[in-house]
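Since the structure comes first, as structure tokens, the remarks are kept for the end.
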Amino acid sequence: MAERLLIRVMKGGNHAKIVTLNGKKITKMPSSLENLTGLRSLDFQNNQIFKVCPQLSTLTQLTFLNLGNNFLEEVPEEIKYITSLKKLHLFGNRISKFPPEVCDGLQNLILLNLNNNKLTWLPEEVGRLRSLMYLSLNCNQLTSIPRQLCFLKNLSELCLNYNQLSCIPEDIKYLTKLQRLSLARNNIEFLPEEFCDLKKLRILDVAGNIIQIFPSGFQDLKLQEFYCEENPLFQKQPIIADQQEDLWNLREITARFIMNQLEEKNSFIMHAIEEYPDIKDKISKGKRCVICGKSFLTTWLECVQFVSPSKAWKISKNLKLIPLQVLLCSQKCFCERGPNIFGIA
């Protein structure tokens with residue numbers, strides 16, 4: 001059937017620019033593709049293709065290739081010869097192998113979609129995809145991110161939802177153009193300090209992980225969308241911290257973000273919070289620090305510090321200098337953490 005359909009297309013010769021053969025139950029790509037040398041777009045989505053034909057490599061002007069929802073078991077090596085390719089869709093296959101050499105010829109690739117496959121690893125050579133702006137690897141079995149991926153200086157969107165990631169490499173700070181990062185439903189315990197160097201990040205999704213504490217510079221990110229549901233909001237075990245920022249938890253980070261946006265009259269947040277009365281109720285219980293004037297939900301940690309027991313007596317003489325709410329929160333939340341107590345910074 002595919003051959004017959006292509007015969008019609010081939011009447012146009014080199015003038016044929018687009019071929020779309022979606023949902024035709026095709027099991028084999030027709031070899032006659034090599035005659036369509038001027039082809040720019042090729043769409044074989046929703047078929048039953050197990051392997052691409054060698055003639056695919058002759059389509060040297062192809063910029064768009066969609067092989068989504070087929071039966072491929074590896075990223076086709078023939079693709080490396082299509083140096084003009086800009087958008088590549090391989091979602092919904094059975095891909096478990098990503099030959100490193102495939103990356104060699106894809107210097108113009110802007111978008112790579114490998115969602116819903118069986119990848120457990122990515123080759124280091126993925127760092128050679130210099131032009132890549134959009135990389136989507138949702139619903140795979142990845143346990144780590146190769147360090148080289150963090151050197152894709154043009155990457156704007158990275159989606160890694162529903163994998164098995166436990167950590168994010170510190171080199172993520174080099175993704176200086178990253179605007180959207182999706183890490184939902186993984187096993188991530190924390191984000192590295194370097195994460196806060198992502199100054200252009202606007203959308204972050206870390207829902208469904210096991211994050212308890214965010215890095216100290218997190219509040220400085222200029223996020224427009226932040227998804228963090230289904231993470232543990234509190235430390236289950238007491239910790240001893242060298243720096244006050246180590247005590248921040250997910251609820252406090254989120255609360256401060258929302259309160260700041262409300263103070264700035266962010267219309268989106270103001271409208272959205274009306275749909276969540278439980279959140280609105282929690283935010284209404286926020287207070288303002290009498291020292292720095294900033295809003296907080298629990299302890300405003302910038303205004304307190306750990307002191308040694310030897311200084312406790314001196315501080316106790318000056319309790320009138322300690323904001324009552326800060327003192328009470330400090331004692332209530334952290335009195336079992338050890339011999340240290342809180343005092344004024």
Side-chain angles (χ1 to χ4, degrees), residues 21-29 42-54 56-57 64-82 85-106 109-129 132-152 155 157-169 172 175 180-189 205-210 230:
L21 295 170
N22 291 343
K24 303 297 182 181
K25 298 182 179 180
I26 298 171
T27 58
K28 183 180 179 182
M29 293 180 70
L42 180 60
D43 195 337
F44 274 96
Q45 184 181 175
N46 301 322
N47 283 289
Q48 301 168 15
I49 298 171
F50 286 87
K51 190 175 182 180
V52 303
C53 63
L56 183 67
S57 60
F64 177 90
L65 176 60
N66 190 343
L67 293 170
N69 292 331
N70 279 280
F71 298 154
L72 298 174
E73 295 184 355
E74 67 176 15
V75 177
E77 190 173 343
E78 290 81 0
I79 292 175
K80 70 179 182 181
Y81 298 106
I82 312 177
L85 201 60
K86 292 185 176 181
K87 297 182 179 180
L88 175 59
H89 293 277
L90 294 170
F91 58 86
N93 280 277
R94 304 170 179 176
I95 297 173
S96 60
K97 183 180 179 182
F98 194 144
E101 54 272 16
V102 172
C103 301
D104 291 337
L106 300 180
L109 194 66
I110 294 175
L111 180 150
L112 176 58
N113 184 342
L114 280 161
N115 293 340
N116 293 286
N117 279 287
K118 298 182 178 181
L119 287 168
T120 58
W121 61 279
L122 292 175
E124 295 179 354
E125 286 75 9
V126 71
R128 298 177 184 175
L129 304 177
L132 202 62
M133 297 177 65
Y134 308 96
L135 176 58
S136 194
L137 293 154
N138 295 330
C139 300
N140 278 276
Q141 300 167 26
L142 298 171
T143 58
S144 64
I145 302 172
R147 178 174 177 266
Q148 289 74 11
L149 187 150
C150 298
F151 296 101
L152 296 174
L155 199 62
E157 184 172 323
L158 177 59
C159 297
L160 291 159
N161 298 324
Y162 291 94
N163 278 279
Q164 299 173 21
L165 302 173
S166 59
C167 64
I168 304 299
I172 195 169
L175 294 177
R180 178 172 190 149
L181 178 59
S182 298
L183 299 166
R185 304 308 189 275
N186 279 278
N187 300 311
I188 300 170
E189 297 183 24
D205 188 352
V206 292
N209 283 279
I210 50 177
E230 297 182 45

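Throughout, numbering of the chain's residues begins at 1 and tracks the sequence. All values below were derived from every heavy atom in this structure, side-chain atoms included, with hydrogens, water molecules and symmetry-related copies excluded.
- In Tyr81, the OH atom is not crowded: 12 or fewer heavy atoms of neighbouring residues, nucleotides or ligands sit closer than 6.0 Å.
- Contact of the Phe71 side chain with the Arg94 side chain is registered, since non-hydrogen atoms from C-beta on lie closer than 4.5 Å.
- Note that SG of Cys159 and CG of Asn138 are 5.0 Å apart. Values are rounded to the nearest 0.5 Å.
- The shortest distance between side-chain heavy atoms of Glu230 and Arg185 falls below 4.5 Å.
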Requested in this report: Report the C-alpha distance between Ile145 and Leu122 in whole Å, list the side-chain angles of each, state the deciding distance to 0.1 Å, and finish with yes or no for side-chain contact (heavy atoms from CB on, under 4.5 Å).
Outcome: CA-CA 7 Å; Ile145 302 172; Leu122 292 175; 5.8 Å; no
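- Around the OH atom of Tyr162, the shell of radius 6.0 Å holds no more than 12 heavy atoms that belong to other residues, nucleotides or ligands.
- In this structure, Asn209 CG and Glu189 CD are separated by 10.0 Å, a value rounded to the nearest 0.5 Å.
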Report task. Run the numbers on Ile188 and Val206 for side-chain contact (heavy atoms from CB on, under 4.5 Å), then give the verdict. Result -> CA-CA 8 Å; Ile188 300 170; Val206 292; 5.9 Å; no
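- Remark: Glu124 CD is loosely packed, at most 12 non-hydrogen atoms of other residues, nucleotides or ligands lying under 6.0 Å away.
- Between Gln45 and Asn66, the shortest heavy-atom distance links the atoms NE2-ND2, 3.1 Å.
- To the nearest 0.5 Å, atom CG of residue Leu65 and atom NZ of residue Lys87 are 13.0 Å apart.
- Not a single donor-acceptor pair under 3.5 Å links the side chain of Asn187 to the backbone N or O of Leu165.
- Using a distance-only test at 3.5 Å, with no hydrogens or angles considered, a donor-acceptor pair links the side chain of Asn117 to the main chain of Leu90.
- Rounded to the nearest 0.5 angstrom, Leu67 CG and Asn113 CG are separated by 11.5 Å.
- Listed here is the closest heavy atom pair of Leu56 and Leu42: CD1-CD2, 3.8 Å.
- Counting heavy-atom neighbours within 6.0 Å of Lys80 NZ, excluding the residue itself, gives a total above 12.
- For the residue pair Leu142 and Trp121, the shortest heavy atom distance occurs at CD2-N, 3.5 Å.
- By the 4.5 Å heavy-atom criterion applied to side chains, Leu114 and Val75 are counted as neighbours.
- Expressed to the nearest 0.5 Å, how far CG of Leu111 lies from CG of Leu129 amounts to 11.5 Å.
- A donor-acceptor contact shorter than 3.5 Å links the side chain of Asn93 to the backbone of Asn70.
- Of all non-hydrogen atoms in Asp43 and Asn22, the two that sit nearest each other are OD1-OD1, 2.7 Å.
- Scanning all heavy atoms of the two residues, the minimum distance from Pro146 to Pro123 falls at CG-O, 4.2 Å.
- By the 4.5 Å heavy-atom criterion applied to side chains, Thr143 and Thr120 are not counted as neighbours.
- Lys118 has no carboxylate O lying under 4.0 Å from a charged side-chain N of Glu73, or vice versa, which leaves the two without a salt bridge.
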**Report entry** side-chain contact (heavy atoms from CB on, under 4.5 Å) evaluation trace for Leu112 with Val126
**Finding:** CA-CA 11 Å; Leu112 176 58; Val126 71; 5.5 Å; no
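- No more than 12 heavy atoms of other residues, nucleotides or ligands shown are found within 6.0 angstrom of OH on Tyr134.
- Side-chain contact between Cys139 and Asn115: absent, with no pair of heavy atoms (C-beta onward) separated by less than 4.5 Å.
- Here the closest heavy-atom approach between residue Leu106 and residue Ile79 is recorded as CD2-O, 3.6 Å.
- A 4.5 Å side-chain heavy-atom check between Leu149 and Pro169 finds every atom pair outside the cut-off.
- With rounding to the nearest 0.5 Å, the separation of CG in Leu160 from CG in Leu181 is 7.0 Å.
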Query raised in the report: Given Phe98 and Cys103, is the side-chain contact (heavy atoms from CB on, under 4.5 Å) satisfied, shown in steps?
Result: CA-CA 9 Å; Phe98 194 144; Cys103 301; 3.7 Å; yes
Query raised in the report: Which is it for Asn46 and Asn69 under the side-chain hydrogen bond (donor to acceptor under 3.5 Å, both in side chains) test, yes or no, and what are the steps along the way?
Result: CA-CA 5 Å; Asn46 301 322; Asn69 292 331; 2.9 Å; yes
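- A donor-acceptor contact shorter than 3.5 Å is absent between the side chain of Asn163 and the backbone of Asn186.
- In this structure the side chain of Leu88 never reaches within 4.5 angstrom of the side chain of Ile82, judged on heavy atoms.
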